[in-house]
Amino acid sequence: MKLKPIIGITMGDAAGIGPEIIAKTLSLNELYDVCRPIVIGDADVMTEGVKTASVQLKLRLVDDVSKAAFIHGSIDVLDLHNVNVLELKMGGPQAMAGKASVEYVEKAVKLALSGQVQAIVTAPISKEAVHLAGFSYSGHTEMLAQFTGTSDYAMMLTTGPLRVIHVTTHVPLSQVPELIKKDRVLRAIQLAYKTMLGLSIDEPRIAVAALNPHRGEGGLFGMEEVEEIIPAVEEARRMGMGVKGPISADTVFARAIGGAYDVVVAMYHDQGHIPVKLQGHKWDEAAGKWVAVAGVNVTVGLPIIRTSVDHGTAYGKAGRREGTANPQSLIEAVKLAVKLAEAKGVARI
């Protein structure tokens, strides 16, 4: 018999779509069948999120996870009381919301490290709002690494059959080549291998994307493959991992979607993000909206489980309070967090 894992969901940027998509996600009975969710955020803001989402849910304010009821039809909220809704302006970055979004994550990490929640799922934050609040974090990933004291970590995106882990993320493209070093690539391969094992894939098939066109053409288009990436792949093979590469980035993702690989190691942010979002995000020009926003962001290498949506705050949509934000990515993020928690064995009696 298994006890359903407790999933801490951080509210994200209060001026964005986070509260709305959380309300829509927790209106689904199917999620309560697999986990015990609790929102870490601000009750007043969640009240507005429920209204915008047009769902029939009540809020239960708690000051401790142990007091949550986890009953479908209500949302347990660990209220940090750090947003004044009278001063909040929906649809734009503000220091108050940025500060609060950092505090939600910090609280969630503490709960996860102490075992009070088995995984955390984060709603989208605004990097601009976080910076307005005086923090220098470039994103959730770096924030989580600092709060957990983690040095070896990486971002993994997943949608459908495609999983992508990144060697570099939030850095200018001009700085990427100097960061592509053997040790860094090898760490990403190792994290990919460990993460696949955590997903019950016993013999992971890992593909490593090239940085340069045509894998550098033996040095004609760049030496990173010859000097850094190939040595990392060879070292990973000596360690017993099933790794292929470097493979040209214009073919490796299509092959992974087709089932050739379990995970692809991408060299930089957009190299990995673009194929994932092409796979999971669908825009309908006639309707003027996204009809699918599938995709989950996972921070690997942390001592805790963390998943997230694969999109931003959608300030424009949030500011209009039209109630049309798509919760698909958040639903998938919660389900993947449950799967990872159960695989880790932390949810057993």
Side-chain angles (χ1 to χ4, degrees), residues 119 139-142 144-145 148 150-171 176 179-211 215 224-225 228-249 251-277 279-280 295-308 310 333 336-337 339-340 343-344:
H140 262 127
T141 304
E142 295 75 16
L144 289 156
T148 59
T150 304
S151 56
D152 286 340
Y153 60 91
M155 176 191 295
M156 184 178 80
L157 301 180
T158 174
T159 184
L162 182 59
R163 304 180 188 91
V164 180
I165 195 165
H166 296 67
V167 176
T168 68
T169 49
H170 299 124
V171 297
V176 169
L179 294 173
I180 302 303
K181 301 299 181 184
K182 174 188 172 183
D183 289 346
R184 189 164 185 152
V185 175
L186 180 59
R187 284 198 300 272
I189 295 171
Q190 291 173 309
L191 287 170
Y193 181 80
K194 182 178 179 180
T195 303
M196 294 306 99
L197 293 178
L199 290 171
S200 301
I201 299 173
D202 294 332
E203 296 182 1
R205 299 165 300 161
I206 304 169
V208 178
L211 172 66
R215 298 181 296 171
E224 287 83 6
E225 282 76 16
E228 308 294 345
I229 301 175
I230 291 175
V233 170
E234 292 175 343
E235 180 66 22
R237 288 175 182 159
R238 284 193 290 270
M239 297 170 70
M241 288 176 264
V243 189
K244 291 186 177 180
I247 302 171
S248 292
T251 61
V252 67
F253 299 103
R255 293 174 66 182
I257 291 170
Y261 310 112
D262 297 305
V263 61
V264 179
V265 177
M267 293 298 115
Y268 57 94
H269 186 282
D270 282 14
Q271 186 185 62
H273 277 61
I274 290 172
V276 169
K277 293 194 174 183
Q279 177 74 3
V296 180
N297 183 332
V298 186
T299 306
V300 301
L302 300 175
I304 62 173
I305 294 168
R306 178 264 179 166
T307 67
S308 183
D310 184 24
L336 181 56
K339 184 176 181 180
L340 290 169
K344 194 174 180 181

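As a basis for the values below, the full set of heavy atoms in this structure was taken, side chains included, without hydrogen atoms, waters or symmetry mates. Sequence positions, counted from 1, serve as the residue numbers for this chain.
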Looking only at non-hydrogen atoms, find the nearest pair between [X] and [Y] and report the distance.
| X | Y | value |
| --- | --- | --- |
| Ala207 | Ile247 | CB-CD1, 4.1 Å |
| Gly198 | Leu340 | O-CD2, 4.4 Å |
| Ile229 | Ala209 | CD1-O, 4.4 Å |
| Thr141 | Met155 | OG1-CE, 3.7 Å |
| Val164 | Phe253 | CG2-CE2, 3.9 Å |
| Ala192 | Val263 | CB-CG1, 4.0 Å |

Listed by chain and number, what are the side-chain hydrogen bond (donor to acceptor under 3.5 Å, both in side chains) partners of [X], not counting sequence neighbours?
| X | answer |
| --- | --- |
| Thr150 | Thr148 |
| Tyr261 | Arg255 |
| Glu224 | Asn212 |

Does anything in [range] pair up under side chain to side chain donor-acceptor pair (under 3.5 Å), and if so which pairs, sequence neighbours excluded?
| range | result |
| --- | --- |
| residues 231-246 | Glu235-Arg238 |
| residues 180-196 | Asp152-Arg187 |
| residues 196-206 | Arg205-Asp262 |

To the nearest 0.5 Å, tell me how far [X] [atom1] sits from [Y] [atom2].
| X | Y | atom1 | atom2 | value |
| --- | --- | --- | --- | --- |
| Thr159 | Leu336 | OG1 | CG | 11.0 Å |
| Ile165 | Met196 | CD1 | CE | 7.0 Å |
| Leu157 | Asp310 | CG | CG | 5.0 Å |

Practice item. Would you check if the side chain of Glu225 reaches a backbone N or O of Leu211 as a donor-acceptor pair within less than 3.5 Å? Key: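 Looks like yes, one N/O pair under 3.5 Å.
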Would you be so kind as to tabulate the donor-acceptor pairs closer than 3.5 Å made by side chains of residues 295-305, with sequence neighbours excluded?
unit_1, atom_1, unit_2, atom_2, d
Thr299, OG1, Arg306, NH1, 2.7

Check your understanding: What's the verdict on side chain to side chain contact (heavy atoms under 4.5 Å, CB included) for Ile189 and Ile206, showing C-alpha distance, side-chain angles and the deciding distance?
Key -> CA-CA 8 Å; Ile189 295 171; Ile206 304 169; 4.3 Å; yes
Review point. What salt bridge (Lys or Arg N to Asp or Glu O under 4.0 Å) pairs are there with at least one residue in residues 154-168, not counting sequence neighbours?
Key: none
Could you give the side-chain donor-acceptor pairs of residues 264-273 under 3.5 Å, partners two or more places apart or in another chain?
unit_1, atom_1, unit_2, atom_2, d
His269, NE2, His273, NE2, 3.3
Gln271, OE1, Met267, N, 2.6
Gln271, NE2, Ala210, O, 2.8
His273, ND1, His166, NE2, 3.1
His273, ND1, His269, O, 2.9

**Study point:** side-chain contact (heavy atoms from CB on, under 4.5 Å) involving Glu142 - partner list, sequence neighbours excluded
**Key:**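 For Glu142 the side-chain contact (heavy atoms from CB on, under 4.5 Å) partners, ignoring immediate neighbours, are Ser138, Tyr153, Thr169, His170.
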